[in-house]
> 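Pasting a structure below so you can have a look.
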Amino acid sequence: MKKILPLMLLSVLVSCSKNEYVNLIPKDASFVLSVDVKSITEKADFTNSPLYPQFLDLVKGSASHSAEAVQGYIDDPAKMGIDFREPVYLFQSADMYCMVMAVYDKGDLEDFLETLRKEGVCGEIEESDGLSIAKSQLGCYFAFNKKALLITAPSGSPTQEYCKQFCKRLFDQKEEDSFHQSEAYSEFEDLKGELAFYADLAAIPQNMTDEMKAWLPENVRHNDVQLFSSFVAENGKAVWSTALQGKTKNVQKLIEEGNKYLQNIDGEFIESPMQNFSLWACMGVEKGALLSMLKESDTGRQMLLMINQAIGIEQILRQVEGDVALVLPPFDKKGDINDFLLFAEVDDDDFMDDVDYWQKSMKDYGLTMTKTMGKNYVISGDDFSINWGLDEDKIYFATPKMFAANSVATRSDVLLSHKDEIKDSYFYMYINVPGLFPADQKQASSSSVLSADKVLEDISSVVVQSKEYDSMDIIINLTDQSQNFLKALFQ
């Protein structure tokens with residue numbers, strides 16, 4: 001018992017100390033990003049990276065008056081007075097972008113800011129109501145006490161007094177008004193990884209959330225939704241997970257019910273890509289759902305209207321049930337992908353009864369449709385042609401180049417090792433990184449350590465996967481499965 005009581009007291013003190021700096025984040029923050037600096041530096045092994053000498057030269061070269069002190073902070077970051085064992089938080093409140101960190105030693109922090117003052121980075125430290133504040137030459141403010149350091153950067157041009165009062169308000173903020181006490185925080189705290197991210201979509205400009213509309217049912221407004229994401233660097237891969245969550249149980253129910261048109265992938269087209277492909281994507285849909293999905297967006301409606309000039313695409317889409325898969329080839333020499341191969345399972349082929357009518361009516365639009373063999377056709381216009389046809393319960397659409405390649409090419413078996421996870425998903429996209437460019441288009445890697453070619457050489461594939469109606473994972477797989485993703489990134 002004598003040993004347990006001190007441990008309990010210590011845990012309470014540590015918890016209180018941590019909460020005090022986290023409490024500076026207001027409940028109405030539009031976004032919050034947590035950065036686990038300790039985990040990132042350990043996994044990246046940055047001091048042994050080829051980038052580290054370049055980093056040292058850059059930092060020491062910019063320190064005209066305090067090179068020795070700067071070197072000391074590089075060798076031992078704890079001398080800054082900041083507790084990097086605790087997460088660093090970035091957030092936005094009103095018109096301020098902010099960063100808050102736990103303070104380990106206020107005296108050391110004051111010495112560090114004095115070093116920055118000598119280098120012309122910030123001004124003198126002013127004391128006000130138990131709070132220390134210094135302004136940087138870039139317009140940022142450093143505000144701190146013995147528990148927390150707050151760095152603020154205004155998005156506009158507020159007065160100096162406004163910025164100081166903003167800092168004081170956050171330090172005086174009651175615990176019940178902090179993000180730490182919000183309903184979103186419990187979900188946020190459960191996120192695992194080097195990065196954790198929360199965003200209230202209502203506080204983010206609508207033009208930045210337009211891409212998310214396709215993920216939401218029509219009857220759900222982005223204002224009623226919040227987003228949670230996390231980034232985890234593991235051996236052999238990195239995983240970025242994202243989930244949308246309704247702010248109320250009713251909104252969450254609408255999100256789940258609105259996406260019920262998805263179903264698990266059957267795996268019918270896992271062996272569909274040819275040996276040389278760049279992307280394979282597949283989703284499982286209930287009967288008629290694909291048509292409904294396309295009609296939910298302006299782009300989808302325009303596409304349907306255009307295709308209907310040739311064939312009754314809506315008749316076809318009403319019969320799509322099961323897997324829908326897309327295969328793309330490598331980029332061409334211009335960096336474009338103009339060819340595709342699309343497969344879909346259909347429940348009924350009664351739409352084939354209208355082929356003769358389509359052949360006649362499309363002439364009004366300057367199009368022709370020629371039967372090749374069986375239930376296979378070619379639609380032609382002035383500057384394009386599309387192959388399409390039916391093979392038992394599967395329909396396909398393809399550009400001539402992809403149709404020809406699909407007819408003779410050897411099939412890739414790369415997806416077979418992912419079969420179980422594909423069939424456990426509603427949506428699955430596999431980007432075959434080595435297949436993005438033909439071999440004769442690949443250039444020698446740049447001398448730059450982080451050149452695009454060098455990074456791509458280390459990556460075998462990128463997977464975008466959705467196993468739940470309201471969430472999605474992006475998985476970056478390394479060629480070397482034994483090395484941590486962050487370490488590989490900086491090697």
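Here, residue 1 is the first one in the sequence, and each next residue gets the next number.
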> Please say whether more than 12 non-hydrogen atoms of neighbouring residues, nucleotides or ligands are located less than 6.0 Å from NZ in K106.
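Counting other residues, nucleotides and ligands, NZ of K106 exceeds 12 neighbours.
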
> Contact between L416 and V414 at the side-chain level, heavy atoms closer than 4.5 Å - yes or no?
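Not in contact.
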
> Can you check whether M303 reaches L294 side chain to side chain, under 4.5 Å on heavy atoms?
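Result yes, sub-4.5 Å side-chain heavy-atom pair found.
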
> Is a donor from one side chain sitting under 3.5 angstrom from an acceptor on the other, for Y426 and Q263?
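Side-chain D/A pair, Y426 to Q263: absent.
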
> Evaluate the side-chain contact (heavy atoms from CB on, under 4.5 Å) criterion for residues V464 and M472: first the C-alpha distance (whole Å), next the side-chain angles of each, then the deciding distance (0.1 Å), finally the verdict.
CA-CA 7 Å; V464 180; M472 184 171 289; 3.4 Å; yes

> Examine distances only and state if a side-chain atom of T41 and a backbone atom of K38 form a donor-acceptor pair shorter than 3.5 Å.
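At least one qualifying donor-acceptor pair exists.
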
> Could you tell me whether a side-chain N or O of N23 sits under 3.5 Å from a main-chain N or O of S178, the two making a donor and an acceptor?
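Here the side-chain-to-backbone pair does not exist.
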
> Locate the shortest heavy-atom distance separating G236 from Q481; write the atom from each residue and the value.
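Smallest interatomic distance, heavy atoms only, reads O-NE2, 3.1 Å.
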
> Kindly say whether G81 contributes a backbone atom to a donor-acceptor pair with the side chain of D105 at under 3.5 angstrom?
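No: the side chain of D105 does not pair with the backbone of G81.
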
> With a 4.5 Å cut-off on side-chain heavy atoms, are L90 and V32 touching?
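Sidechains of L90 and V32: no contact.
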
> Using a distance-only test with no angle check, is there a side-chain donor-acceptor pair under 3.5 angstrom linking N250 and T248?
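The criterion, which ignores hydrogens and geometry beyond distance, is not satisfied for T248 and N250.
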
> Do V462 and I474 make a side-chain contact, defined as non-hydrogen atoms from C-beta onward lying under 4.5 Å apart?
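V462 vs I474: side chains touch.
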
> Got a second to check how far F144's CZ is from L131's CG, nearest 0.5 Å?
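The distance works out to 8.5 Å.
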
> Taking 4.0 angstrom as the limit, do D224 and R221 come out as a salt bridge?
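Counted as a salt bridge, because a side-chain N and a carboxylate O are separated by less than 4.0 Å.
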
> Does atom CD (E183) have a neighbourhood of more than 12 heavy atoms from anything else shown, all under 6.0 Å?
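Open: at most 12 neighbouring heavy atoms sit under 6.0 Å from CD of E183.
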
> Checking the side chain of S155 only, and the main-chain atoms of D95 only, is there a donor and an acceptor separated by less than 3.5 Å?
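It does hold such a pair.
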
> Testing D172, L149, V100 for side-chain contact (heavy atoms from CB on, under 4.5 Å) with L24, which one passes?
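Result for side-chain contact (heavy atoms from CB on, under 4.5 Å) with L24: V100.
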
> If you measure from the Lys or Arg side-chain nitrogens to the Asp or Glu carboxylate oxygens, is any gap between E256 and K253 under 4.0 Å?
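Salt bridge flag = no for K253 with E256.
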
> Where the side chain of N264 meets the backbone of K423, is there a donor-acceptor pair that is under 3.5 Å apart?
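Checked: pair present.
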
> Could you give the distance from CD (Q165) to CD (Q160), rounded to the nearest 0.5 Å?
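It is 11.5 Å, given to the nearest 0.5 Å.
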
> How far apart are the C-alpha atoms of E114 and R117, what are their side-chain angles, what is the distance that settles it, and do they pass the salt bridge (charged side-chain N to carboxylate O under 4.0 Å, His left out) test?
CA-CA 5 Å; E114 174 61 19; R117 188 194 67 77; 2.7 Å; yes

> Output, in order, the C-alpha distance, side-chain angles, deciding distance and verdict of ring-ring contact (aromatic ring centres under 6.0 Å, His included) for F179 and Y198.
CA-CA 11 Å; F179 178 66; Y198 157 81; 5.2 Å; yes

> Hey, are K168 and S128 close enough side-chain-wise for a donor-acceptor pair under 3.5 Å?
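K168 and S128 do have a side-chain donor-acceptor pair below 3.5 Å.
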
> Do other residues, nucleotides or ligands put more than 12 heavy atoms under 6.0 Å from the OH atom of Y97?
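It does not: Y97 OH has 12 such atoms or fewer within range.
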
> Taking all non-hydrogen atoms of both residues into account, name the closest pair between Q483 and A488 and its distance.
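Answer, listing the atom of Q483 first, then A488: OE1-CB, 3.5 Å.
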
> Looking at every non-hydrogen atom in both residues, tell me the closest pair between I265 and C282 and how far apart they are.
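Of all heavy-atom pairs spanning I265 and C282, the closest is CD1-O, 3.5 Å.
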
> L262 vs F427, test: side-chain contact (heavy atoms from CB on, under 4.5 Å). Steps then yes/no.
CA-CA 8 Å; L262 296 175; F427 173 82; 5.9 Å; no

> Looking only at heavy atoms, which two atoms of P434 and I459 are closest? And how far apart?
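Minimum heavy-atom separation between P434 and I459: CD-O, 4.4 Å.
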
> List the steps, then state whether side-chain hydrogen bond (donor to acceptor under 3.5 Å, both in side chains) holds for D473 with S241.
CA-CA 4 Å; D473 296 330; S241 301; 2.8 Å; yes

> Roughly how far, to the nearest 0.5 Å, is the CZ atom of F188 from the OH atom of Y89?
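It comes to 6.0 Å.
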
> Taking the ring of F31 and the ring of F91, is the distance between their centroids below 6.0 Å?
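No - the distance between ring centres of F91 and F31 does not fall below the 6.0 Å cut-off.
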
> Under a plain distance cut-off of 3.5 Å, with no hydrogens placed, do S412 and Q275 share a side-chain donor-acceptor pair?
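On atom types as modelled, these side chains do not qualify, holding no pair under 3.5 Å.
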
> Is the CD atom of E286 crowded by more than 12 outside heavy atoms at less than 6.0 Å?
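It does: E286 CD has more than 12 such atoms within range.
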
> Any chance you could measure I475, atom CD1, to S461, atom OG, to the nearest 0.5 Å?
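Atom-to-atom, I475:CD1 and S461:OG are 8.5 Å apart.
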
> State whether the side chain of D470 and the backbone N or O of A243 hold a donor-acceptor pair below 3.5 Å, judged by distance alone.
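A pair under 3.5 Å: no.
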
> Any chance you could lay out the ring-ring contact (aromatic ring centres under 6.0 Å, His included) test for F197 and F228, step after step, and finish with the verdict?
CA-CA 6 Å; F197 180 74; F228 296 91; 9.4 Å; no

> Between D111 and K79, does any side-chain N to carboxylate O distance fall below 4.0 Å?
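Judged by the 4.0 Å cut-off on N to carboxylate O distance, D111 and K79 do not form a salt bridge.
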
> Could you tell me which non-hydrogen atom of Q226 sits nearest to which non-hydrogen atom of G246, and how far apart they are?
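Scanning both residues, the minimum pair turns out to be NE2-O, 4.1 Å.
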
> Between L328 and S278, does a side-chain contact (heavy atoms from CB on, under 4.5 Å) hold up when you go through it step by step?
CA-CA 6 Å; L328 298 181; S278 65; 3.8 Å; yes

> At their closest point, which heavy atom of G284 faces which heavy atom of D323, and how far apart are they?
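Shortest heavy-atom contact: CA-OD1, 4.2 Å.
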
> Is a side-chain donor-acceptor pair under 3.5 Å present for S272 with W280?
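There is such a pair (donor and acceptor under 3.5 Å, judged by atom type) between the side chains of W280 and S272.
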
> Are side-chain heavy atoms of H418 and D420 found at a separation under 4.5 Å?
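No, side chains not in contact.
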
> Using a distance-only test with no angle check, is there a side-chain donor-acceptor pair under 3.5 angstrom linking E175 and Q181?
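Judged by distance alone, the side chains do pair up.
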
> Rounded to the nearest 0.5 Å, how far apart are NZ of K118 and CG of L113?
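Answer for the NZ-CG pair, K118 versus L113, is 12.5 Å.
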
> For the backbone of A233 and the side chain of K43, can you confirm whether one donor and one acceptor N or O come within less than 3.5 Å of each other?
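Answer holds: yes.
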
> When you measure from the side chain of D76 to the backbone of A78, do you find a donor-acceptor pair of N or O atoms at a distance under 3.5 Å?
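Checking the backbone N and O of A78 against the side chain of D76, a donor-acceptor pair under 3.5 Å is found.
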
> Please examine the side chains of L415 and P273, heavy atoms only from C-beta on, and report whether any two atoms are closer than 4.5 Å.
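A side-chain contact under 4.5 Å exists here.
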
> With no hydrogens and no angle check, just 3.5 Å: does a side-chain donor-acceptor pair link D200 and S30?
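Absent: no donor and acceptor within the cut-off.
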
> Measure from the side-chain N and O atoms of T159 to the backbone N and O of Y162, and report whether any donor-acceptor pair falls under 3.5 Å.
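Pair found, side chain donor or acceptor close to backbone of Y162.
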
> Would you check if the side chain of S471 reaches a backbone N or O of T242 as a donor-acceptor pair within less than 3.5 Å?
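A pair under 3.5 Å: no.
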
> Is the shortest side-chain N to carboxylate O distance from K467 to D424 below 4.0 Å?
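A salt bridge links K467 with D424.
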
> Looking at E126 and K135, does any basic side-chain N land under 4.0 Å from a carboxylate oxygen?
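Looking at E126 and K135, the cut-off is not met.
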
> Within the structure provided, determine whether F142 and I133 are in side-chain contact (heavy-atom separation under 4.5 Å).
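Side-chain contact under 4.5 Å: no.
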
> Side chains of K249 and Q252: does their closest heavy-atom pair fall under 4.5 Å?
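The answer is no, as the side chains (C-beta and beyond) never meet within the 4.5 Å cut-off.
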
> Can S292 and Y261 be said to form a side-chain contact (heavy atoms from CB on, under 4.5 Å), step by step?
CA-CA 9 Å; S292 300; Y261 52 72; over 6 Å; no

> Could you state the interatomic distance from CD (E457) to CG (D480), rounded to the nearest 0.5 Å?
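It is 13.5 Å, given to the nearest 0.5 Å.
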
